[in-house]
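Notes follow once the structure below has been shown.
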Amino acid sequence: MTDIDLNEVAKALQEQQARAVALEAVLNNAADIGIEDALSRFGAALTDTEKEILKTLTPEELASLKSILSKLGTQMLFQSVGIAF
């Protein structure tokens, strides 16, 4: 049986939660201040890949993503698929 390092599991869950909160904050502010400013202010926990993907989305796509995440719950999405997109 494999030993599970609970500290590593807790760290991974905290990082995942921080990314979920950051994504939500970026999407909540992108329409008002623009995606670049939203990422620089609120996106520190996001990966470079996630930031680059968000930069490619139109304002309409960002609004749609925000709507989808608010319906599903950002936390639930991250936990169910393990990635942001």
Side-chain angles (χ1 to χ4, degrees):
M1 187 167 186
T2 305
D3 290 333
I4 297 173
D5 185 345
L6 294 180
N7 290 328
E8 288 297 318
V9 171
K11 181 181 175 185
L13 289 173
Q14 287 173 338
E15 290 171 1
Q16 192 174 32
Q17 183 176 12
R19 287 176 44 233
V21 170
L23 177 59
E24 188 172 21
V26 167
L27 292 174
N28 285 339
N29 289 281
D32 295 330
I33 63 175
I35 189 63
E36 293 284 343
D37 284 341
L39 285 169
S40 68
R41 292 183 191 184
F42 306 106
L46 298 176
T47 66
D48 290 341
T49 301
E50 290 165 341
K51 291 176 189 177
E52 290 304 315
I53 290 169
L54 289 170
K55 288 178 189 177
T56 67
L57 299 178
T58 66
E60 294 80 17
E61 290 169 329
L62 289 168
S64 178
L65 181 58
K66 177 183 172 185
S67 176
I68 291 167
L69 290 178
S70 69
K71 289 177 185 169
L72 293 177
T74 307
Q75 293 281 338
M76 188 174 86
L77 179 66
F78 271 79
Q79 291 172 358
S80 66
V81 298
I83 57 173
F85 307 103

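Predicted, not measured: the structure shown is a model, and the values here were computed from it.
A salt bridge between E8 and K11 is absent, with no side-chain N of the basic residue lying under 4.0 Å from a carboxylate O of the acidic one.
Between A18 and A45, the shortest heavy-atom contact is O-CB, 3.6 Å. For K55 against L39, the heavy-atom pair with the smallest separation is CG-CD1, 3.7 Å. In plain terms, the two heavy atoms of A30 and L62 that are nearest each other are CB-CD1, 4.2 Å. The two residues A22 and F42 come nearest to each other via the heavy atoms CB-O, 3.4 Å. In this structure, L46 and L23 approach most closely via the heavy-atom pair CD2-N, 3.9 Å. In terms of heavy-atom proximity, K66 sits nearest to L27 at CD-O, 3.6 Å.
One distance of note links OG of S70 with CG of N28; it measures 8.5 Å at 0.5 Å rounding.
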Take L65 and L54 through the side-chain contact (heavy atoms from CB on, under 4.5 Å) test and state the conclusion after the steps. CA-CA 10 Å; L65 181 58; L54 289 170; 4.0 Å; yes
If you apply the rule side-chain contact (heavy atoms from CB on, under 4.5 Å), what do you find for T47 with R19, and how did you get there? CA-CA 8 Å; T47 66; R19 287 176 44 233; 4.2 Å; yes
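Side-chain contact check for N29 versus R41: every heavy-atom pair is 4.5 Å or farther apart.
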